[in-house]
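Everything quoted here is computed from the prediction, not taken from an experiment. When a residue number appears, it is its place in the shown sequence, counting from 1.
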Amino acid sequence: MGQSVSTAKLTSRRDCNRSQRSKSKSTVLIGRMQAEEAEEVERNSIDGLSDIISVLPDECLACIFQSLTPGDRKRCSLVCRRWLRIEGQSRHRLSLNAQSDLHPHIPSIFSRFDAVTKLALKCDRRSVSIGDEALAQISEHCRNLTRLKLRACRDLTDAGMLAFAKNCKCLKKLSCGSCTFGAKGMNAVLDYCPALEELSVKRLRGITDGAAAEPIGPGVAAASLKSICLKELYNGQCFGPLIVGAKNLRSLKLFRCSGDWDKLFPLIVDRVTGIVEIHMERIQVSDIGLTAISNCLNLEILHLVKTPECTNVGLGSVAEKCRLLRKLHIDGWKANRIGDQGLIAVAKSCLNLQELVLIGVNPTKISLEMLASNCQNLERLALCGSDTVGDAEISCIALKCIALKKLCIKSCPVSDHGMEALASGCPNLVKVKVKKCRGVTSEGVEWLRTNRGSLVINLDTGEQLDASASDGGGAQDNGVEFPPMVASQIGAPSIASSSTGRSTSHKLLGLLSGMSFVACTLRRFGNSNGS
């Protein structure tokens, strides 16, 4: 009996094991079948996507490529020969390392990228750059070029710029910095590029200093020029004939250019009447120049950055005549030459003022109250490095500046009491930036946040280094940043400068998921072929 019981137990165990093994085999089999089905579905979806892309017109695929980041575009160009060709033909913007070893690769590069209209040639300052022959060869391949940026191309001479200008007559924008060609090369561009609208020149070493300097301009380009920016030039006044001859000029920016500009401004404003923006930083200009500038009746934007010879008298002359002024930036450089008197003149005449930046200027409650009362459109205000702006002045601003949206206070004797005034004032205020104001504590800022939850407040006690300084001017050096409020003033780049981390396939799937867009494009393409 005992043996039969044990035998029965062994038999039941074997049956149980067999059933478990059969179940595991069936599970594995089902898993394999499901995996194969999933692979087949994925293969079919990829084939379907491939079918969709294969029937897309080149123009539609080019639009998709233009929505990708530069890295994703490069990866797309490796998919097939068609994508390689379309990606190259649809690229309008190109930036190249302009070292001397670029020269032998120019034909192959521009045979692929044959539609480039915006080109940047940048070389490291310690390297040997491309020369005249390379630039001439590039110009032969890019005759439709509209924008050119040259950086540290020290081996380019006047001859190279002449060859380039003769081939690229459609050029609209030229920006060159740290180059060594001179006045002849610049005049060649002005003589052969009649469509030139924007000119930016920085540290052009080939321009000689003194009376022997060759004048630049006007040339045929003077009639189309709308913007001139000159930076760090030994003899920037040699551009005088160009500026005076540019009758349609709207923007003039002068940064750290030597010479007496008081003599030139009367000639400029006598010939050029449509200027709307003037930016002067660390140049030799006084009230004489400002009085001449006051004849620019259409002036809307004025930057006076570290021009210690400019006083209340000159600013008053500008304010009295330039009643369309919208943006005023003044960096007084702690010279105390501009103060209440000049600002009161602005408050009386410039009623359209929207943005005011005062750096190293000492306004009092008198001028600030008049500005706040008269300039009802004032939306952006920055007060930096002022010894006279305290709690009383901030309280005045809070009470009077109804339209104010952004307020920046830096290195001023303001305390938590001034912050308390902002809790009930400035009903349209959306952002406050407080920096290096020792009297303002984190507790005061938290109290303001609690009582005005919608207000964005940035507090910087100055313990960390400020890395926001830029080459643009004094306002940026002091951490004042007022982005444009009008969307139309912002130029969106055609190619993104950074990757978002998403894969190319996901982006393509997302773009192609809008089948109405693809179908519409195919219909237009078919109708054009049928017609």
Query raised in the report: Is the shortest distance from a Lys or Arg side-chain nitrogen in Asp387 or Lys334 to a carboxylate oxygen in the other one below 4.0 Å?
Result: yes
**Report entry** Salt bridge present between Arg203 and Glu232 (N-O < 4.0 angstrom)
**Finding:**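 Looking at Arg203 and Glu232, the cut-off is met.
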Query raised in the report: Does atom CZ of Arg271 have more than 12 heavy-atom neighbours from other groups under 6.0 Å away?
Result: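 No.
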Query raised in the report: Counting only heavy atoms not in Ile288, do more than 12 fall under 6.0 Å of its CD1?
Result: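 Atom CD1 in Ile288 is not crowded, with 12 or fewer foreign heavy atoms closer than 6.0 Å.
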**Report entry** Centroid-centroid distance, Phe113 to His92, less than 6.0 Å
**Finding:** no
Report task. Mind running side-chain contact (heavy atoms from CB on, under 4.5 Å) on Lys327 and Arg380 for me, showing each step along the way? Result -> CA-CA 9 Å; Lys327 295 182 181 181; Arg380 301 174 293 279; 4.0 Å; yes
Give a yes or no on whether the backbone of [Y] and the side-chain of [X] come within a donor-acceptor separation of less than 3.5 Å.
| X | Y | value |
| --- | --- | --- |
| Ser386 | Cys412 | no |
| Glu355 | Arg326 | no |
| Lys410 | Ala382 | no |
| Asp262 | Gln284 | no |
| Thr307 | Cys310 | no |
| Thr388 | Pro363 | yes |

**Report entry** With sequence neighbours excluded, residues passing salt bridge (charged side-chain N to carboxylate O under 4.0 Å, His left out) with Asp124
**Finding:** Arg126
Query - side chain to side chain donor-acceptor pair (under 3.5 Å): pairs with one or both residues in residues 311-322, sequence neighbours excluded - result: Asp287-Thr311, Asn295-Lys321
Requested in this report: Look at the aromatic rings of His303 and His329 and report parallel, tilted or perpendicular, splitting at 30° and 60°.
Outcome: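 Parallel.
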**Report entry** Audit row: Arg438, Ser411, side chain to side chain donor-acceptor pair (under 3.5 Å) steps and yes/no
**Finding:** CA-CA 8 Å; Arg438 298 181 178 179; Ser411 300; over 6 Å; no
Requested in this report: Would you sort out whether Ser286 and Trp261 count as a side-chain contact (heavy atoms from CB on, under 4.5 Å), showing the intermediate values?
Outcome: CA-CA 9 Å; Ser286 67; Trp261 290 91; over 6 Å; no
